[in-house]
> 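Have a look at the structure that comes next, please.
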Amino acid sequence: WDEPLIFEINRTKSRRQGILIPKEEIEEDVSIPDSVRRKEIDLPELTENEVVRHFVRLSQMNYGVDTGMMPLGSCTMKYNPKSEELAQDITGDYHPLQDVNTVQGTLEMIYETQEWLKEVTGMDECSLQVPAGSAGELAGVIMIRKYHLEKESHKDEMLVADTAHGTNPASASMVGYKVVYIKSNEEGLVDVDLLRSTASERTAGFMLTNPNTLGLFEENIGEISKVIHENGGLLYYDGANLNGILGIVRPGDMGFDIVHLNLHKTFGVPHGGGGPGAGALCAKGEMTRYLPYPIVEKAEGKFIMNKPERSIGKISSFNGNIGNVARAYVYIMGLGREGISEIARLSTLATNYLIDRLKDTKLELKSPNRPRKHEVVFSAKKIFDETGISALDIAKGLLDQGFYAPTIYFPPIVEEALMIEPTETESIETLDMFANALLKTIEDAYSNPDSLRRSPSNTAVGRLDQTKANHPSTVTPSYKVEKLRLLLKNDLILK
Amino acid sequence: WDEPLIFEINRTKSRRQGILIPKEEIEEDVSIPDSVRRKEIDLPELTENEVVRHFVRLSQMNYGVDTGMMPLGSCTMKYNPKSEELAQDITGDYHPLQDVNTVQGTLEMIYETQEWLKEVTGMDECSLQVPAGSAGELAGVIMIRKYHLEKESHKDEMLVADTAHGTNPASASMVGYKVVYIKSNEEGLVDVDLLRSTASERTAGFMLTNPNTLGLFEENIGEISKVIHENGGLLYYDGANLNGILGIVRPGDMGFDIVHLNLHKTFGVPHGGGGPGAGALCAKGEMTRYLPYPIVEKAEGKFIMNKPERSIGKISSFNGNIGNVARAYVYIMGLGREGISEIARLSTLATNYLIDRLKDTKLELKSPNRPRKHEVVFSAKKIFDETGISALDIAKGLLDQGFYAPTIYFPPIVEEALMIEPTETESIETLDMFANALLKTIEDAYSNPDSLRRSPSNTAVGRLDQTKANHPSTVTPSYKVEKLRLLLKNDLILK
Amino acid sequence: MTHPWLPNLSSKEDILKRMGKTEEDLFSDVPKELMIKGDLNLPTRRSEYEVKLRLKELKEKNVQLKYPPFLGGGVCPHYVPEAVKFIISRSEFYTSYTPYQPEISQGILQALYEYQSLMAEILDMEVVNSSMYDWGSSLAEAVLMAFRINGRKKVIIPELINPFHEEVLRTWTEPRGITLVKVKPNEDGSLNLDDLSRKLNEEVSAIYVEQPNFYGIIEDNLEAVVELARRMKVVTIMGVNPLSLSLVKPPGEYGVDIAVGEGQELGIPLNYGGPYMGIMAVRWDAKLVRQMPGRIVGKTKDENGKQGYTLILQTREQFARREKATSNITTNESLMAIANAVYISLLGKNGFKELGEEIYRRSHYAMRKMVKELGLSRTFQGDFFEEFEVNLKNYDKVHEALLKRGIHGGLKLSDTSSLLCVTEAHPKKAIDEMVDVMKEVI
Amino acid sequence: MTHPWLPNLSSKEDILKRMGKTEEDLFSDVPKELMIKGDLNLPTRRSEYEVKLRLKELKEKNVQLKYPPFLGGGVCPHYVPEAVKFIISRSEFYTSYTPYQPEISQGILQALYEYQSLMAEILDMEVVNSSMYDWGSSLAEAVLMAFRINGRKKVIIPELINPFHEEVLRTWTEPRGITLVKVKPNEDGSLNLDDLSRKLNEEVSAIYVEQPNFYGIIEDNLEAVVELARRMKVVTIMGVNPLSLSLVKPPGEYGVDIAVGEGQELGIPLNYGGPYMGIMAVRWDAKLVRQMPGRIVGKTKDENGKQGYTLILQTREQFARREKATSNITTNESLMAIANAVYISLLGKNGFKELGEEIYRRSHYAMRKMVKELGLSRTFQGDFFEEFEVNLKNYDKVHEALLKRGIHGGLKLSDTSSLLCVTEAHPKKAIDEMVDVMKEVI
C-alpha cells in the first residue's frame with residue numbers, strides 16, 4: 001500500500017497530540033525574550049493511534065533478518081537473538097556521567113565484555129568507546145599516527161589492500177595519510193612481493209581484513225606482518241570479516257597490532273536499518289597505551305574507568321554505544337566458549353555449501369579451488385556478456401523471490417560482483433532455497449531477460465528514478481524542500 | 001507469500017532446538033515407570049531464528065487495529081494505547097495464590113479498578129473474577145438463578161431481546177433457563193407492550209443491551225425496568241455496548257440489577273485475535289451478595305480478598321484475567337474523568353457522521369431519524385435485490401480497499417445487515433476514507449458486480465472453500481489429522 | 001482539550017457543524033433525568049509518565065521476592081522466553097479480532113491451527129479447540145458436554161482433584177442439577193479403583209481424572225479407569241498438566257474422550273490469576289466434535305486452490321445457534337494459544353523432554369532434601385511431577401520465616417501441610433536456601 | 001550438540017558429506033601454527049534464563065536511584081513513551097540493513113526521510129542527514145567539512161563549550177592540524193562578541209557556537225556572530241539541543257551554514273553512553289550539501305510514476321569514493337533517527353512546545369529554590385534551558401548526602417560547582433526532596 005507522509009495524515013489540521021506532557025503546579029513563567037524566542041514550527045498533529053499505525057505500516061514495507069535471509073557480503077547479517085533485548089535493563093536508564101559507585105554492575109558487564117573480546121582477538125586490551133566499526137578505524141589510524149609522531153618517525157603513507165572496504169582508505173585519509181593501494185595477485189590475495197617493494201620508511205601501517213573481502217584467508221599473513229613491521233609500520237585489522245575466523249585463529253596471533261571489531265556484525269547486535277552498531281578497538285603491547293578511553297578496570301575489587309597513559313582521547317562524547325555492548329555481552333554469554341568456537345566453522349560451511357550448489361553455473365569465481373570463509377564473491381560478467389543481464393538485475397530478481405540481495409559491485413576488483421555472506425544462522429533449508437532462487441534468476445537471464453530487467457515487481461515500489469532523485473533541480477531531501485518547491489513553483493535548484 | 005506449516009520447516013529433520021533448558025547438577029534420576037512413561041512425540045525441531053521468522057511472517061498476514069480501522073459492530077475495536085503494556089509490571093510475575101501481604105500494590109490496583117467501574121456503571125459492587133464478557137453473563141445468570149432459588153420463587157424463563165447478542169440466550173440456556181424472545185417493535189426498540197404481556201411470575205429476568213445492537217438507545221428503559229421488577233424479575237445489562245453511553249448515562253441509574261462489562265471492548269484492552277479479554281460483573285443492592293469472588297476490599301488500611309456472603313463461587317480457577325484488568329486500569333487512568341466523559345460523545349459522533357456520509361445511498365436504515373449511539377446497522381437488501389451483491393460481497397470488497405469488514409448478517413432481524421461500529425479512536429480522515437471505500441463498493445455493485453463477487457483479490461488468500469473445510473470427509477482440524485489422512489490414504493471421515 | 005487517544009476531540013464542533021447537528025441531538029433519545037449530572041468520581045487524567053510512576057509506586061508496595069515463589073496449585077512459575085513475548089507483542093496479532101474475515105486473518109488462523117496441531121501432538125488427540133479460559137472452565141465445559149451427550153447428571157471426580165478447578169466445575173454445573181461424586185485415593189495418592197467401581201453406575205455421565213493430581217501425583221493405572229468407564233458408556237475426561245506429558249503417557253494413548261488442561265505452564269506468565277489458557281481436546285468422533293465448545297480452525301483451500309485456514313464447524317457456536325449453542329463462549333484466549341504455540345515450537349521435541357526432566361529432577365531434589373534434612377513426611381508416597389506436598393509442624397511459622405528472607409514457600413493446604421512447586425525457574429541455590437531457612441525454624 | 005542460534009550445528013557432518021569435504025578442507029589455507037589450540041577462555045554457554053539471572057545480578061549491583069539523576073552535560077533523563085519503544089522494537093526495522101535495496105526497504109527509507117523532514121522543521125534548515133554517532137562526532141565532522149570547504153585550519157569555539165564534545169572535536173581534528181581558539185564568555189555566560197571579533201581573521205575556518213551552551217545558558221546575540229562570520233567567509237556551525245528549539249530560535253533563522261546537535265533528548269534512553277543520535281544539517285547550498293558526510297534519503301518516483309524513497313547523493317560516501325569520501329561513516333544511528341521521528345510525531349506541534357515549557361519551568365523552579373532556600377549562587381546569570389550551574393561549598397559532601405537518600409545530584413564541575421539538569425522526568429517532589437536533603441548538609 002501507499003502510506004502518506006507523516007505530515008499529510010491529519011488533513012483537516014485539527015489540533016491533536018500523541019502524548020500528554022506531565023505538568024506540575026509550579027509558578028514559573030517562561031520568560032525568554034522575544035528576540036530569541038521561537039515563533040513558528042510546522043510539525044504534525046496526530047494521536048498515538050495515527051503515529052503507531054503509520055510506523056507499523058512502514059515497518060511492514062521493510063525487510064529485515066526477521067523477515068528472511070539477508071546475504072549481504074561483509075555485512076554479517078546474522079540472526080539477532082531476542083534475549084539481547086534483556087540487556088537494556090542494565091544500560092537503558094543509566095546516565096554516562098553517573099558516579100561509578102552507582103553503576104558497578106554495568107561496569108562489570110563492560111569489563112567482562114572487554115576480557116572476552118581480548119580473548120577472542122588475542123589482543124592485550126580493548127576499548128569499547130568507539131560507537132561503530134568505522135569510528136574504530138578512525139581511532140585506530142589516529143593511534144597509529146600518534147605512535148609514529150611520538151617515535152618521531154616520519155610516515156605519511158597508509159597501505160591498503162585493493163580488496164579493502166571503502167572505510168579503510170576513507171579513515172586513513174581523514175587522518176591525513178596518503179593512501180597507497182596494494183593490488184591483489186592473481187589468486188585474490190595480497191601480493192607479498194608487491195607489498196615488499198611498496199613498503200618503506202614512509203609506511204605508517206597496512207590496513208587489512210583477513211579473510212579479505214573475497215572471503216579468502218590471507219595465508220601469507222606471517223610474511224605480511226614481517227614486511228610491515230620491518231619497515232616500522234603497524235598492522236591494522238579491519239574486523240568486519242572476523243566472522244570467518246572467529247574461534248579458529250586470532251588477529252593477535254597473526255601479528256596485528258590494532259584490531260577493530262564490529263559488534264553488530266560478528267557479535268549479533270542488530271543492525272537497526274543502518275545503525276546503531278557498536279565497536280571495539282583492541283591493541284597489543286605498546287599500542288594499548290594509545291587506546292581511546294574510558295576502559296573499565298578492576299581496582300581493589302571495584303570497577304573503575306581508566307584512561308590509558310597516551311590515550312588519543314575520546315572518539316564519541318561519552319562511553320560508547322554501551323546499550324549495544326550489552327547486547328553483544330548477552331550474545332557471547334549465550335553462545336559461550338562452545339558456541340563461539342563454532343561460528344567460523346559454521347559460517348564457512350554455509351559459504352562453501354553455497355559455492356558447491358552454484359558451481360555448475362555461469363557465475364565465475366576467482367581461485368575456485370580455494371575454500372572461502374564467511375563470504376564469497378561471484379562474477380556475473382559472463383552472464384552479462386551473454387545476456388545483458390547485470391549483477392544489479394540479478395539482485396532485483398532475487399528481491400522478487402523473497403530474498404534480500406547480495407552486496408553488488410563490490411569489491412571493485414571483481415566485475416559484476418555478487419558478494420554473498422550467508423552467516424552461520426541460516427539453516428541448510430534456507431541456503432538451498434537461496435541457491436535455488438539464484439539458479440532460477442540465472443535461468444531467467446537467458447530465458448526471460450526482459451522481465452528480469454523490469455524486476456522487482458512484487459515489491460512496494462519498482463526500480464526508482466535515481467536521476468530525478470539526485471538532479472540539482474529535483475533533489476528532495478526533506479518535506480521542507482517539497483513545500484519550498486510548491487511555494488517557488490519548482491524553481492528551487494541546489495546550487 | 002505462502003508460509004509453510006511450522007511442522008514443515010526443518011525438512012532435513014536435523015536436530016534443532018529454539019531455547020536452551022537451564023540445567024543444574026543434581027543427582028536425581030527420572031524414574032517414571034515404563035507403564036506410564038511417554039514414548040514418542042512429534043514436535044518441530046527449530047532454532048529461535050526459524051520460529052521467530054515464521055511467526056513474524058504470519059503476523060504480517062494479519063490485520064489488527066494497528067494496521068487499520070476495524071469497524072466491527074458490537075466489538076468496539078478501539079485503539080489500544082501502548083502504555084497499557086506497562087501494567088504487566090504489577091501482574092506478570094505474581095502468583096494468584098501468593099500471600100496477600102506480598103501483593104498489596106496489585107490488590108490496590110484491583111481495588112481502584114473496582115471502584116472506578118462502580119462509578120461509571122452506577123452499581124454498588126464489582127467483581128473482576130470473570131475472564132470475559134460471556135463468562136460474566138454466565139455468572140450473572142447463575143446469580144439470578146441463585147437469587148430466585150433463595151427467594152423460593154419458581155422462575156424458569158429468561159427474556160431476551162431479539163436484537164440481543166447470541167451470548168445472551170446461550171448463557172441463559174447454559175444455566176437451564178427457557179429463553180423467551182421479545183420481538184422488537186417497528187422502530188427497532190423493545191416492544192414494551194409485548195414485554196408487558198410476556199413477562200410473568202415465571203420471568204427470572206430480562207437480558208438487555210442498551211444501546212441495543214442496532215445502536216439505538218432503549219428510551220423506554222424506565223418502563224422496561226418497571227415491568228420486569230413488578231414481575232419479580234431482574235434486569236440484566238449486557239455491557240458489550242457500553243461504549244455508546246459511557247459518561248452519558250449509567251446502567252445503575254437505568255434500573256439494571258446486574259451488569260457485565262467487557263474490559264476488552266469499552267476499556268481498551270487489546271482483543272488478542274479473539275482473546276484474552278477481561279470481564280467485570282457488577283451488581284446493585286441485594287444482588288451484590290451473590291457476586292463471584294474474590295472481590296478486593298480495604299480493611300484496616302490493608303487490602304484483602306473477600307467473598308460475598310452468598311457468592312455463587314468462582315467462574316474461573318483463580319482471580320480472573322488480572323493481567324488485562326491492569327491494562328484497563330491504565331486505560332482509565334490515562335483518560336481520567338475528563339476523557340471517560342467524552343467516550344460516548346465521540347463514539348456516537350463517529351457513528352452518526354458515517355450515517356450522514358452514507359445517507360444518500362441504497363443502504364437502508366431502520367428508524368432513520370433516530371440518532372445512533374456507538375454503532376449502526378445498515379441493510380444492503382436493496383442492493384442485493386437489484387444487483388445480487390450481498391452483504392458478504394460488500395464486506396469482501398472492503399477488504400480489498402485496506403479496511404477490515406463490518407460485522408455482517410447480525411443482528412438477524414435486519415436482512416443483509418452491515419453492522420458498523422467506528423469507535424471514538426478513528427480520526428475524521430479515516431472515517432471519511434472508510435465512507436469512501438463503502439461508497440465505492442456500492443458503486444461497484446452496480447458497475448462491476450462480477451469482480452466484486454470475486455473479491456478479495458489483494459489478500460493473502462481468496463475466498464475459502466467452506467464446504468471442504470467443514471465436510472466430514474475433508475474436515476482438517478490439526479496436522480495430526482493431515483498425517484492420518486496421508487497414512488490412511490484419505491479414508492478418514494469424521495463420524 | 002486534546003487527548004492522545006481521541007483524535008476528534010478538538011474538532012467535535014466542526015464535525016457536528018458539517019452534519020448540521022448538535023451534541024444534544026445525538027443524545028436526544030436519552031431521558032434527561034437519567035443523564036449523568038456533574039463529574040464522575042474518577043481521578044483526573046494522567047500523562048503516560050505519571051501512569052508509569054503510579055505503577056512503579058504500586059510495584060514497590062508489592063514484596064520483591066528473591067526467587068519465584070514455590071507455589072503451584074495448577075499454575076507454576078516458569079521462564080517465558082523473550083521470543084515468546086516478542087511474538088505476542090506483534091500488534092498485528094494482539095490488536096486483531098476473532099478471524100471472521102479469513103482472507104486478511106491468515107496469520108492468526110494459521111498460528112491457531114498450529115497451536116491446535118502442536119497441542120494435538122502433545123495430547124495425542126486429533127481435535128483441539130483454539131482455547132477456553134483456563135483449566136477450570138475447560139473442565140466445566142467438558143462436563144456440560146458429557147451432559148449434552150448422555151443426559152446423565154452424576155459426575156465422578158477424584159478426591160484429590162485440584163480444588164480450584166473443582167469450584168469452577170461446581171459453579172458452572174450445579175445450576176443444571178449435576179452432582180459430583182468423589183473417589184478416594186489409595187495410600188500412594190493415586191485413584192482407588194475399587195472405590196471407583198463401586199460408585200460407577202448407569203447414572204454416571206462422566207468420570208474425571210487428573211494427571212498428575214492436585215498433590216502432583218502421577219496416576220499409574222488410568223487404562224483401567226478408561227476401561228471401566230467404557231463399559232458403562234460413561235464419558236471419560238482427563239485433566240492434564242501438558243508439561244507433564246513430556247514424561248508421562250498422553251490422554252490419547254488411554255483413549256479418553258475429552259482432555260482438558262492448563263496451558264499457562266507453556267509460555268504464559270502467572271499474571272496474578274490470568275490470562276491463562278484452557279486446553280480442550282476430543283477424540284476423532286463426530287459426536288464429541290459436534291458437542292465441543294469453542295472455536296476450531298481448519299485447513300482448506302481458496303478458489304484458486306491455494307491452501308488457507310478458516311474457522312470451521314461454526315454451527316456449534318453461540319452467534320449462530322444462540323440458545324442451542326454448545327457454549328456461550330466468544331472471547332477466548334487466542335493470544336495465549338499463540339504463546340503456547342511459539343513456546344512449544346521453541347522447545348521442540350528435545351527441549352520439551354529436557355524441560356520435563358529438569359523439572360522432575362529439581363522437584364525431586366527439593367522433596368528429598370526436605371525429607372532427609374528436615375525430616376518432613378509426605379501424606380501420599382506416589383511419584384510426582386513438579387508439585388509435591390510435605391507435612392510441617394507449623395506452616396505459618398515456616399512461611400513467615402521464609403518471607404522474611406524474601407522467599408515465598410509452598411501453598412498452605414492446612415496448618416501442617418504445604419504444597420510446593422519446583423520448576424526450572426527455581427535454581428538449585430534457591431531450593432537450598434529455602435531448606436536452610438526452614439531448618440532454622442523446624 | 002545443539003544450539004538455538006546455530007541451525008546447522010547438528011548436521012555439520014551431513015552437509016560436509018554432501019559436499020564431499022571435511023572441516024579441515026575448509027580451513028586448509030589457515031597456517032596450522034596460527035590456529036587456536038584448546039579452549040578459549042570464555043564462560044560456558046548459558047541458557048536464556050541463566051543470562052537473565054546474571055543480568056538481574058548485575059542490575060542489583062547498580063544503585064537503584066529513587067528518581068532519575070539530576071545529570072545533564074549533553075544528555076538528560078527523559079521519559080521515553082511506550083509507543084516509541086514499540087516502534088523501534090518492530091523487527092522489520094531493527095533487524096534490517098542500510099537500505100541499499102530501496103524496493104524492499106521503503107519502510108525504513110520513508111521513516112528516515114520523515115526524520116530528516118521533522119528535524120528540518122525543528123532546525124529550520126533544508127537538508128538533514130539521516131544521522132551521525134552523536135553531538136560530538138557531528139561537531140567534529142562539521143569542522144572537517146569546513147576545512148574541506150575553505151582549507152583554513154583555525155576554528156573558534158566558545159570557552160563554555162561542552163567539554164565532552166570538545167574532546168571529541170580535538171581527537172578527530174588534531175591529526176589534520178586544526179587548532180581551536182576559545183572565545184571568552186560575558187558575565188552572564190553568553191559569548192563575548194568583542195573577544196570574538198578580536199580572534200576572527202582570515203585564517204579562521206569556522207566558528208562554532210552552542211545553543212544553549214554547556215552551562216545551559218541561552219545565547220541571545222547569535223545574529224551578530226553569524227554576521228561577523230559571514231564577513232570573513234567563515235563557516236558557521238551551531239550546536240543545538242533540539243529540545244530547546246521548542247522555545248528558542250532555530251539555527252535556520254540565523255542563517256548558519258551547519259547545524260549539529262544531539263537527538264538523545266527526543267525519545268532515546270540514556271544507555272550509559274550510547275546509542276545516541278548525532279544531528280547534522282546544512283543550508284540549501286550545493287557546496288555544503290556535497291561536502292556533508294552521512295547518508296541522505298530523498299524522494300523520487302519509480303518506473304511507474306509511483307512515489308518512492310531512496311538514498312541520494314551517494315557519490316559523497318566512502319563505499320563509492322573511498323579515500324576521497326566526505327567521511328568514513330557507514331554504520332550510523334538510523335534506528336535512533338526513527339525513534340526521534342516517532343517521538344517528535346507523538347509530541348507534535350503542541351506537545352513539543354508544552355514539553356519545552358514544562359522543562360523550562362521545572363528547571364527554573366529548581367534553580368530558584370536553591371538560590372532562595374539554600375542561598376546558592378550561580379557563576380553566570382544568563383537565562384537557561386534545562387541545565388544550570390550552582391556553586392556549592394563542598395560538592396562531594398552534598399553528593400554523598402544525596403546518594404544516601406537514593407538521589408543523584410548534579411555533575412561535578414569542580415569541588416565547589418555543580419551542573420544540574422531538570423526535565424519533565426523529575427517530579428516536583430523529587431526536586432523538593434533534593435533541596436531538602438541539601439539543606440541538611442549545607
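Excluded from the calculations below are hydrogen atoms, water molecules and symmetry mates; all remaining heavy atoms, backbone and side chain alike, are included. The chains referred to below are lettered A, B, ... by the order of the sequence lines, with proteins before strands, and numbering in each begins at 1.
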> So, are D:Glu354 and A:Lys23 salt-bridged, with charged N and O less than 4.0 Å apart?
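Yes, D:Glu354 and A:Lys23 are salt-bridged.
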
> Hey, does A:His54 have a side-chain heavy atom less than 4.5 Å from the side chain of D:Glu114?
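Side chain of D:Glu114 against side chain of A:His54, heavy atoms only: contact under 4.5 Å found.
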
> Stepwise, does the salt bridge (Lys or Arg N to Asp or Glu O under 4.0 Å) test hold for D:Arg361 with A:Glu25?
CA-CA 10 Å; D:Arg361 268 194 295 263; A:Glu25 282 183 31; over 6 Å; no

> Does any non-hydrogen side-chain atom of D:Val30 lie less than 4.5 Å from one of A:Phe217?
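Yes. Closest side-chain heavy atoms under 4.5 Å.
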
> Start with the C-alpha distance between A:Glu338 and D:Arg45, add both sets of side-chain angles, then the distance that settles side-chain contact (heavy atoms from CB on, under 4.5 Å), and finish with yes or no.
CA-CA 7 Å; A:Glu338 305 87 336; D:Arg45 66 170 184 176; 3.7 Å; yes

> Quick test of your reading of the model: are A:Arg37 and D:Glu357 salt-bridged, counting only N-O distances below 4.0 Å?
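Salt bridge: yes.
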
> With a 4.5 Å limit on heavy-atom distance, are the side chains of A:Asn101 and D:Val63 in contact?
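A:Asn101 vs D:Val63: side chains apart.
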
> Tell me, side chain or backbone of D:Gln307 under 4.5 Å from chain A's heavy atoms, or both, or neither?
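When you check distances to chain A, only backbone atoms of D:Gln307 fall under 4.5 Å.
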
> For A:Ile245, is it the side chain, the backbone, both, or neither that has a heavy atom closer than 4.5 Å to a heavy atom of chain D?
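Neither part.
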
> Let me see the working for D:Tyr113 and A:Thr476 under side chain to side chain donor-acceptor pair (under 3.5 Å), right down to the final yes or no.
CA-CA 10 Å; D:Tyr113 181 79; A:Thr476 308; 5.8 Å; no

> Between A:Ala469 and chain D, which part of the residue has a heavy atom less than 4.5 Å away: side chain, backbone, both or neither?
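Backbone plus side chain of A:Ala469, per the 4.5 Å heavy-atom cut-off to chain D.
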
> What part of A:Ile340 is in contact with chain D, defined as an atom under 4.5 angstrom from a non-hydrogen atom: side chain, backbone, both or neither?
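The answer is the side chain of A:Ile340.
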
> Would you mind checking which part of A:Asn352 comes under 4.5 Å of any heavy atom in chain D, side chain (CB onward), backbone (N, CA, C, O), both or neither?
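Both backbone and side chain.
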
> Please determine if D:Lys306 and A:Asp2 form a salt bridge, counting it only when a charged side-chain N lies under 4.0 Å from a carboxylate O.
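Judged by the 4.0 Å cut-off on N to carboxylate O distance, D:Lys306 and A:Asp2 do form a salt bridge.
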
> Which one of A:Val249, A:Ile21, A:Asp89, A:Thr91 has the most heavy-atom pairs closer than 4.5 Å to chain D?
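Most pairs with chain D among the choices: A:Ile21.
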
> Between A:Val179 and chain D, which part of the residue has a heavy atom less than 4.5 Å away: side chain, backbone, both or neither?
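Side chain of A:Val179 only, per the 4.5 Å heavy-atom cut-off to chain D.
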
> Checking heavy atoms, do the side chain of A:Tyr404, its backbone, both or neither come under 4.5 Å from chain D?
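The answer is both parts of A:Tyr404.
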
> Can you confirm whether A:Ser316 sits close enough to D:Tyr276 that some side-chain heavy atom of one is under 4.5 Å from a side-chain heavy atom of the other?
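When only atoms from C-beta onward are counted, D:Tyr276 and A:Ser316 do not touch, as no gap falls below 4.5 Å.
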
> For the interface with chain D, which of A:Ala395, A:Gly339, A:Pro456 has the highest count of heavy-atom pairs at distances below 4.5 Å?
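Option with the greatest count: A:Pro456.
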
> With heavy-atom distances below 4.5 Å as the criterion, would you say the side chains of A:Ser134 and D:Tyr133 are in contact?
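A:Ser134 vs D:Tyr133: side chains touch.
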
> Please state whether the side chain, the backbone, both or neither of A:Pro44 comes within less than 4.5 Å of a heavy atom of chain D.
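For A:Pro44, backbone and side chain are both near chain D.
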
> Aromatic rings A:Phe318 and D:His165: how do their planes relate, parallel, tilted or perpendicular, breaks at 30° and 60°?
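Geometry flag for D:His165 against A:Phe318: perpendicular rings.
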
> Taking A:Glu28 first and then D:Arg368, would you say they form a salt bridge - that is, a charged N and a carboxylate O separated by under 4.0 Å?
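Yes, A:Glu28 and D:Arg368 are salt-bridged.
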
> Evaluate the side-chain proximity of D:Asp302 to A:Asp465: yes if any heavy-atom separation is below 4.5 Å, no if none is.
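The answer is no; the side chains never approach within 4.5 Å.
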
> Hey, does A:Asn324 have a side-chain heavy atom less than 4.5 Å from the side chain of D:Pro275?
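They are in side-chain contact.
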
> Picking from A:Phe410, A:Tyr79, A:Tyr353, which has the most non-hydrogen pairs under 4.5 angstrom with chain D?
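If we count pairs closer than 4.5 Å to chain D, A:Tyr353 comes out on top.
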
> Are the side chains of D:Ser327 and A:Met174 in contact, using a 4.5 Å heavy-atom criterion?
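Counting from C-beta outward, A:Met174 and D:Ser327 do come under 4.5 Å.
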
> For chain D, which candidate among A:Glu108, A:His165, A:Glu85 shows the most heavy-atom pairs at distances under 4.5 Å?
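Heavy-atom pair counts peak at A:Glu108.
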
> So what's closer than 4.5 Å to chain D heavy atoms on A:Met70: side chain, backbone, both or neither?
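Contact with chain D is through the side chain of A:Met70 alone.
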
> What verdict does the side-chain contact (heavy atoms from CB on, under 4.5 Å) test give for D:Phe86 and A:Val56, after you've listed the backbone C-alpha separation in whole Å, the side-chain angles of each residue and the deciding distance to 0.1 Å?
CA-CA 9 Å; D:Phe86 174 78; A:Val56 164; 3.7 Å; yes

